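Quick caveat: nothing in here was measured; it's all calculated off a predicted structure.
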Amino acid sequence: MGRKRTMGVAGAMLALSIPAPASAAEQAGPGASAIAKADMSSVQWKSCPSYSDEVIQSLRVTREQLPAFRTQMKRLECGTVSVPLDHRDPTGREIDIAVTRLAATDQAHRLGALAVLPGGPGQSGYLDPVRTVLNKEMARLNGRYDIIGFDPRGVGYSTKVACPLSQGSPQEPGAVTKRAARKMYDAQVAANQKCGRSDPAFLGRLTTDNVAEDLDLVRGALGERELNLLGLSWGTSLGMVYRSLFPERTGRAFLDSTAPPWTDLMRHTEGSAQAAERNFGRMAAWLARRKEAYGLGATARQVREQVAKLVRDYDKNPRTYTDLPRPVDGSAVADLAKRVSTDWPRAGKALSELRTATGATAPPTVKELLGGGQMTGAPLPGAPETLNMTMNWAVKCNEDGSRPGFTTAWRAYQQLVKRQPATGRPWGLGGAMCQGWPLPVQRPTLKRGSGSLVLSGHLHEFMSAYDWTLQTRRAVGGTVYTVADDVHVSAIRVPECAADVVTYFETGRIDRGCEGVGIPD
């Protein structure tokens, strides 16, 4: 898993007896010493993995895209870069960071390297260069930019560990009682303590700052003077931190579905829940305009009241269907109400079906939306890891500044459900995810900068609430690009928006925003 750099006996004794003077880079502050080290790293290139058609399609690549995917895989370069596990101890244990590159096709007009920063935390970015060029608009970037992908430490083909995950007992259907909440809370504390103590040396180094330091070593190993950044979801946090630590190494940066400039899971859950309930207001108005089709009310207010009533009714009397894995309760109803606009027709149909459902089997649309997507069986043989939950868990908990006690968490959950009657139920005690985590809080490094930065926020999104984009601009600077939809990281998928992203990386200029994903007809 890890390796140790070695030195001669005399060198080791000298290092122990005489403190080495700080280099100029080290004296300059955090991140500066890593800049000096980065240029001494190298990439160990090797053959890229090969995947079956079945594996490729499991990565959400369509059958029609298979030939293009395989063509780009032939161009992809794959390798690893060795980095210190602890950047404060550069001669200590090493870990490997898996890196990929699609070289620019127009080398005569090459502008540099663009690193795609994946979401999560915990998502793989190894195949992101190939995924990027499958998009017709985004493929233009590869003309003048090398596109760089990587698996952050703790993920995929990079060095990682696995926490002992506790399965626990499934939550009882129906409204969450204080007794049930206490049981969930205590189980989370036990799981956090078990995980955090399983490998604290590694888990304690899973932070956004450390991933940013790794990325700069990757930059140096690739021989790049600077990196341009395309950050998605959690990758926006990584982009902000990289820019804060290495402003002189950061070129143009476009960050889509911008994260907030703080790390507090209680505050995060509250903000997301409020945004989800607001977005349901849009859905309610849409459903009301189609009252004949859905029968949920003729006005947005009537639809709101009808759905809130459904949540209460199904919490009082959860319904068991023979073809669903668990009963449908108020949480399941509220989950339908918090769907994004691309799912409004199906979610509206499912809500309508639940009003009158009487049979032993689930209504068809309810089954379609609530019965699928279950994690069953092992991953396909040879499939790359797409999400590492240990890394997700550790980064969130290492950086979470809330870690509330039970009384605080229970009170916050009760208020959340009361204030968000249509969509609040599924959030549970999510803001209390990190109680009992045994490792110290390590907040990410954020500094205001003057370099080129675009913060892309989605007006109606709840995963990354729009207000967070404005808060982040106040904290770190940059220009806001507004996407008028509710779909997470859609800017690189909608042609109009993606064209703006490409123009920005080619010229440094960008419009104020785009429409994004339109609401259904």
Side-chain angles (χ1 to χ4, degrees), residues 119 231-237 254-261 267-290 294 296-297 299-304 306-308 311 333-351 369 416 419-427 430 454-474 478-498 500-501 510-521:
L232 310 172
S233 191
W234 175 75
T236 66
S237 292
F254 184 95
L255 309 180
D256 190 28
S257 286
T258 306
R267 187 177 175 185
H268 194 285
T269 300
E270 181 182 5
S272 289
Q274 291 171 352
E277 189 80 8
R278 285 196 300 270
N279 197 41
F280 174 68
R282 298 172 65 233
M283 179 182 180
W286 185 89
L287 291 168
R289 292 195 296 271
R290 295 157 179 82
Y294 298 101
L296 292 165
T299 67
R301 180 175 180 176
Q302 289 174 355
V303 175
R304 279 182 175 276
Q306 178 64 248
V307 172
V311 171
V333 176
D335 176 73
L336 295 171
K338 64 193 277 284
R339 297 296 177 107
V340 299
S341 55
T342 52
D343 247 357
W344 286 354
R346 293 193 304 165
K349 180 65 174 174
L351 289 167
L369 292 181
L416 186 152
R419 293 169 181 169
Q420 281 76 232
T423 63
R425 268 285 280 116
W427 295 98
V454 177
L455 303 173
S456 172
H458 299 248
L459 269 180
H460 308 292
E461 185 187 345
F462 68 83
M463 291 182 69
S464 293
Y466 184 71
D467 187 54
W468 298 347
T469 302
L470 306 182
Q471 294 175 29
T472 295
R473 179 183 60 180
R474 291 193 289 269
T479 299
V480 169
Y481 179 86
T482 300
V483 185
D485 67 11
D486 61 357
V487 181
H488 195 57
V489 295
S490 69
I492 62 170
R493 299 195 299 269
V494 177
E496 172 201 358
C497 310
D500 284 349
V501 175
I510 196 166
D511 291 337
R512 293 186 177 183
C514 65
E515 289 300 313
V517 178
I519 62 173
D521 295 331

Q.
The test is side-chain contact (heavy atoms from CB on, under 4.5 Å); show your working for Tyr294 and Val303 and say whether it passes.
A. CA-CA 10 Å; Tyr294 298 101; Val303 175; over 6 Å; no
| said: Test side-chain contact (heavy atoms from CB on, under 4.5 Å) on Thr469 and Arg473; report intermediate values, then the result. | reply: CA-CA 6 Å; Thr469 302; Arg473 179 183 60 180; 5.9 Å; no
Give the C-alpha distance, both sets of side-chain angles, the deciding distance and a yes or no for side-chain contact (heavy atoms from CB on, under 4.5 Å) between Lys338 and Arg425. CA-CA 10 Å; Lys338 64 193 277 284; Arg425 268 285 280 116; over 6 Å; no
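Ring-plane geometry between Phe254 and Tyr481 is classed as perpendicular, the angle between the planes exceeding 60 degrees on a 0 to 90 degree scale with a lower cut at 30. Between Trp427 and Phe462, the ring-plane angle classifies as perpendicular under the 30° and 60° cut-offs.
Taking CG from Asp486 and OG1 from Thr342, the interatomic distance works out to 7.0 Å, rounded to the nearest 0.5 Å. Here the CH2-CG distance, from Trp234 to Leu255, works out to 12.5 Å after rounding to the nearest 0.5 Å. Separating the CE atom in Met283 from the NE2 atom in His460 is a distance of 15.0 Å, to the nearest 0.5 Å. The line from OH of Tyr466 to CG of Leu470 is 5.0 Å long, rounded to the nearest 0.5 Å. Expressed to the nearest 0.5 Å, how far CG of Asn279 lies from OG1 of Thr423 amounts to 9.0 Å. Considering CD of Glu515 and CG of Leu459, their distance stands at 9.0 Å, rounded to 0.5 Å.
Shortest non-hydrogen contact noted between Gln306 and Leu296 is CB-O, 3.5 Å. The shortest non-hydrogen separation linking Ala491 to Ser456 is CB-OG, 4.1 Å. The two residues Trp286 and Asp521 make their nearest non-hydrogen contact at CZ2-O, 3.9 Å. In this structure, Arg278 and Arg304 approach most closely via the heavy-atom pair O-NH2, 4.5 Å. In plain terms, the two heavy atoms of Pro426 and Ala334 that are nearest each other are CD-CB, 3.4 Å. The minimum heavy-atom distance linking Val483 with Ser490 is given by the pair CG1-OG, 4.0 Å.
Between the side chain of Trp344 and the backbone N or O of Arg282 there is no donor-acceptor pair closer than 3.5 Å. A donor-acceptor pair under 3.5 Å is absent between the side-chain atoms of Thr258 and the main chain of Gly457, judged by distance alone.
With a 6.0 Å radius and a threshold of 12 heavy atoms from other residues, nucleotides or ligands, Arg289 has its CZ atom above the threshold.
Residue Ser464 is tested with Ser272, Ser257, Pro260 for a side-chain contact (heavy atoms from CB on, under 4.5 Å); the sole match is Ser257. Each of Arg493, His458, His488 was evaluated against Asp256; a single residue qualifies, His458, per the side-chain hydrogen bond (donor to acceptor under 3.5 Å, both in side chains) test.
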